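For the numbers below, each heavy atom of this structure counts, side chains included, while hydrogens, waters and symmetry mates do not. Given the structure is predicted, the values throughout are model-derived calculations rather than measurements. In listed order, ligands and their atoms are each counted from 1.
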Amino acid sequence: MGSWEVPFAIRRRVPAAVLAILSGLSVVASAAAAPPMDKNFYLPDAAASKIVSVAKTGNAEAEVIVLTEAVAIKETGPRETVAKFGEVYAFSPTFITVRREVPTMLTFWNLQPDDEHDFMLAAPVSTVLIHLKLMPLTKTSYIFTFHKDGIFNFYCAVHQPEMNGQILVLPPTSAK
Ligand SMILES: [Cu+2]
């Protein structure tokens, strides 16, 4: 495990608060069964899988679709906003609630034809657990099973500081 390096292109766009979260992080290596990925992207390793595990197939008991939305972009404007803020994107929804131990399919729809996004999930202690690449005009699905309660922040590292969200993991219902 080495230290997590924020690529320069991202570093200059990631705000101090996020850099503080990301600094001192350990690299989470790809799970052995994971599909081939760029080395900058990974599923949870053994340690991270104690907090959240993912599967490509299986039975999900819940499903959430997360869109990437173009809030203000060069193709459709508004021009003044793009000039002032640069292109602005957001996840939709930005707040997701799941139950611990309930396999939940998260499907990301990258709606932009020419923009990559990603999904970087951090634990409450701010360790990066998962980093997925979300390719243009592509749906990316994994079944997530959280094993700890709490608030998990997620980020698109490409579009900081604006493209973020939170997953609230609640205890299982008493019926379970
Ligand atoms: Cu993005």
Side-chain angles (χ1 to χ4, degrees), residues 3-23 25-31 34-44 48 51-52 54 56 63-98 104-124 126-144 146 151-169:
S3 45
W4 196 86
E5 273 294 312
V6 181
F8 176 76
I10 295 172
R11 185 182 317 217
R12 100 191 129 74
R13 303 178 64 167
V14 175
V18 173
L19 277 180
I21 289 166
L22 297 179
S23 65
L25 296 178
S26 296
V27 166
V28 181
S30 298
M37 272 196 219
D38 185 302
K39 66 179 169 56
N40 294 319
F41 298 92
Y42 43 80
L43 296 173
I51 301 171
V52 58
V54 301
K56 201 63 184 158
E63 179 173 14
V64 178
I65 294 172
V66 182
L67 309 180
T68 68
E69 296 202 327
V71 178
I73 59 170
K74 61 183 186 302
E75 292 87 348
T76 56
R79 275 173 208 272
E80 298 86 348
T81 305
V82 174
K84 174 81 179 177
F85 293 90
E87 294 191 294
V88 177
Y89 299 89
F91 289 110
S92 178
T94 58
F95 189 80
I96 299 164
T97 304
V98 304
T104 303
M105 170 98 66
L106 293 185
T107 300
F108 302 90
W109 292 16
N110 181 342
L111 303 179
Q112 281 72 56
D114 61 347
D115 292 292
E116 282 185 16
H117 298 286
D118 57 43
F119 170 80
M120 179 184 281
L121 179 71
S126 297
T127 307
V128 175
L129 301 169
I130 298 172
H131 192 192
L132 302 176
K133 188 181 246 183
L134 308 177
M135 297 297 288
L137 299 181
T138 299
K139 294 178 182 177
T140 304
S141 293
Y142 285 97
I143 299 168
F144 289 64
F146 286 85
I151 293 266
F152 292 72
N153 291 303
F154 61 87
Y155 310 90
C156 171
V158 181
H159 299 110
Q160 286 299 308
E162 78 280 14
M163 194 172 177
N164 308 305
Q166 290 184 313
I167 297 175
L168 172 63
V169 182

To the nearest 10°, how many degrees is the angle Cys156 SG to the Cu ion (ligand 1) to Met163 SD? 100°
Which residue in the set Glu87, His117, Glu69 passes side-chain hydrogen bond (donor to acceptor under 3.5 Å, both in side chains) when paired with Gln112? His117
For the pair Lys56 (side chain) and Ser141 (backbone), establish whether a donor and an acceptor sit closer than 3.5 Å, ignoring hydrogens and angles. yes
The atom of His159 among N, O or S that is nearest the Cu ion (ligand 1) is ND1
Hey, what's the ring geometry for Phe144 with Phe146, parallel, tilted or perpendicular (30° and 60° as the breaks)? parallel
Would you mind naming the N, O or S atom of His117 nearest to the Cu ion (ligand 1)? ND1
Glu162 side chain vs Ala90 backbone, donor-acceptor pair below 3.5 Å: no
